[in-house]
Peer 1: 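Structure in structure tokens, see below.
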Amino acid sequence: MSDPFGRAVRDFHRDEQDAPLIQRDGEWAREHPIEAFYFDEFDPDSDRSEFLMSWLDGPLLDMGAGAGRDTLYFQDQFETVAIEVSDHLVETMRERGVRDARRADMFALRESFERDRFQSAFAWGTQVELAASMQGLREFLDDLAFVTAPDGTATLDCHDPERIVAEGMLGYRADPTPGLAHRVMQFEYEGDIGETLLFRLFGPDRLREAAAEIGWEVAAHSYDAADSPHYQAALTKA
């Protein structure tokens, strides 16, 4: 399968990237900032990191771990497993020192891990929105409940559609249902265009509704800034 995103991140890591990684929705395109998004150092004093650290414990599952930035920090605190669907990204993480990087799908967790395997899990990068539908989100949360302990916790990072300025988000698709929207885009690298990615965007209230059906509770959520659509949510077993 074509993997322009994974190849571009791997090439950046190896100092072999000669073309930009492009996010595309039809004719609308922009460069994706690989260094800023995936290779900045983990800053334990940032608001983001403090939120993560306050809710996570080991054994820990890093879902959609990218280039392993967060795993590299957490694996020194407790056992941490990093998963990605891209062989290129798994290879990159291993080259960077991630001790347990595996190829696995965060939307098929039961296929890779036994019940109660982890105390905590997190997905940072809004990739949970690739559940693509509210039913997909519920199925993901059900699998997440299976692989985490009875007193387990999880953190997710998402977009709140009710705070989005449509013109400012590439691939945004409005939805008449309050608190919901879609996003559609592709990645392109060196002329290679990846599969079309469908995201389901959901606000905190929609996440809370879906979580409650599965036995999770949204214990806390916070926005990056007063006017930001980007928020973090912490889940505990209800």
Side-chain angles (χ1 to χ4, degrees), residues 1-43 46 48-49 62-73 82-98 101-107 122-132 156-161 163-174 181-201 224-225 227-232:
M1 180 182 295
S2 174
D3 182 17
F5 176 83
R7 286 199 305 111
V9 173
R10 180 204 61 190
D11 288 356
F12 179 91
H13 161 65
R14 295 178 176 176
D15 200 24
E16 297 173 353
Q17 185 192 4
D18 296 323
L21 177 63
I22 301 297
Q23 287 177 281
R24 181 177 297 282
D25 175 28
E27 296 302 312
W28 189 3
R30 69 182 181 198
E31 183 174 352
H32 192 62
I34 293 177
E35 182 173 13
F37 279 12
Y38 309 107
F39 290 91
D40 275 357
E41 291 291 325
F42 184 96
D43 178 7
S46 70
R48 165 194 179 272
S49 299
D62 184 351
M63 301 175 288
R69 175 192 57 196
D70 297 333
T71 300
L72 287 169
Y73 174 82
I83 61 171
E84 265 293 352
V85 293
S86 164
D87 289 328
H88 298 304
L89 294 178
V90 172
E91 187 177 7
T92 298
M93 286 193 282
R94 289 172 178 167
E95 290 178 3
R96 298 187 73 213
V98 172
R102 311 182 189 185
R103 191 182 190 283
D105 186 348
M106 65 180 282
F107 296 106
F122 75 105
W124 198 276
T126 70
Q127 57 266 64
V128 68
E129 295 170 353
L130 286 168
L156 305 173
D157 116 282
C158 322
H159 290 107
D160 185 345
R163 287 172 166 240
I164 291 173
V165 178
E167 294 77 9
M169 175 176 279
L170 182 144
Y172 180 82
R173 303 288 192 275
H182 276 105
R183 189 183 190 191
V184 180
M185 69 175 186
Q186 297 169 299
F187 282 104
E188 178 181 350
Y189 178 57
E190 295 181 331
D192 180 18
I193 300 177
E195 64 177 313
T196 300
L197 302 175
L198 174 63
F199 299 80
R200 186 51 154 168
L201 280 55
D224 284 357
D227 57 350
S228 173
H230 184 245
Y231 71 96
Q232 302 81 47

Peer 1: For a quick test of reading the model, state the closest non-hydrogen atom pair linking P229 to R163 and the distance between them.
Peer 2: CA-CB, 3.6 Å

Peer 1: Write down the atom of A19, the atom of E190, and the distance for their closest heavy-atom approach.
Peer 2: CB-CG, 3.9 Å

Peer 1: If the threshold is 4.0 Å, N to carboxylate O, is there a salt bridge linking R7 and D192?
Peer 2: yes

Peer 1: Do the non-hydrogen side-chain atoms of H230 and T126 ever get within less than 4.5 Å of each other?
Peer 2: yes

Peer 1: Got a sec: does the CD of E16 have more than 12 other heavy atoms crowding it under 6.0 Å?
Peer 2: yes

Peer 1: What I want to find out is whether D87 reaches R103 closely enough, with some N-O distance under 4.0 Å, to be called a salt bridge.
Peer 2: yes

Peer 1: Can any side-chain N or O of E31 pair as donor or acceptor with the backbone N or O of P20 at less than 3.5 Å?
Peer 2: no

Peer 1: Take Q232 and D224 through the side-chain hydrogen bond (donor to acceptor under 3.5 Å, both in side chains) test and state the conclusion after the steps.
Peer 2: CA-CA 8 Å; Q232 302 81 47; D224 284 357; 2.6 Å; yes

Peer 1: Search all heavy atoms of R48 against all heavy atoms of F42 and return the closest pair with its distance.
Peer 2: NH1-CE1, 3.8 Å

Peer 1: Any ring-ring contact (aromatic ring centres under 6.0 Å, His included) involving residues 10-36? Give me the pairs, sequence neighbours left out, ordered by first then second residue.
Peer 2: F12-F39, H32-F37, H32-Y38, H32-F187

Peer 1: So, taking the atom named OH in Y172 and the one named NE2 in H159, what distance separates them when rounded to the nearest 0.5 Å?
Peer 2: 11.0 Å

Peer 1: Find out whether V184 and R173 are in side-chain contact, i.e. whether some heavy atom of one side chain is under 4.5 Å from a heavy atom of the other.
Peer 2: yes

Peer 1: What distance separates T71 OG1 from R96 CZ, expressed to the nearest 0.5 Å?
Peer 2: 10.0 Å

Peer 1: Using every non-hydrogen atom in the two residues, find where V90 and A101 come nearest and quote the distance to one decimal.
Peer 2: CG1-O, 3.8 Å

Peer 1: Set out, in order, the CA-CA distance, both residues' side-chain angles and the distance that settles side chain to side chain contact (heavy atoms under 4.5 Å, CB included) for Y189 and I22, then state yes or no.
Peer 2: CA-CA 6 Å; Y189 178 57; I22 301 297; over 6 Å; no

Peer 1: Around atom CD of E35, are there more than 12 heavy atoms of other residues, nucleotides or ligands at under 6.0 Å?
Peer 2: no

Peer 1: Calculate, to the nearest 0.5 Å, the distance between atoms CG and CZ belonging to D3 and R10 respectively.
Peer 2: 9.0 Å

Peer 1: Answer whether the closest heavy-atom distance between the side chains of E129 and C158 falls below 4.5 Å.
Peer 2: yes

Peer 1: Nearest 0.5 Å, what's the CZ-CZ distance between R183 and R200?
Peer 2: 15.0 Å

Peer 1: Could you please spell out the steps behind the side chain to side chain contact (heavy atoms under 4.5 Å, CB included) verdict for L89 and F5?
Peer 2: CA-CA 9 Å; L89 294 178; F5 176 83; 3.8 Å; yes

Peer 1: How many angstroms lie between OH in Y73 and CG in D43, if you round to the nearest 0.5 Å?
Peer 2: 9.5 Å

Peer 1: Is any side-chain heavy atom of E84 closer than 4.5 Å to one of T92?
Peer 2: no

Peer 1: Please find the pair of heavy atoms, one from R24 and one from E188, that lie closest to each other, and give the distance.
Peer 2: NE-OE1, 2.8 Å

Peer 1: Testing the basics here: between Q17 and I34, what is the closest heavy-atom pair and its distance to 0.1 Å?
Peer 2: NE2-CD1, 3.6 Å

Peer 1: Do R14 and E91 have side-chain heavy atoms sitting under 4.5 Å apart?
Peer 2: yes

Peer 1: Quick one: pull up NE2 in H182 and CG in L201 and give me the separation to the nearest 0.5 Å.
Peer 2: 8.5 Å

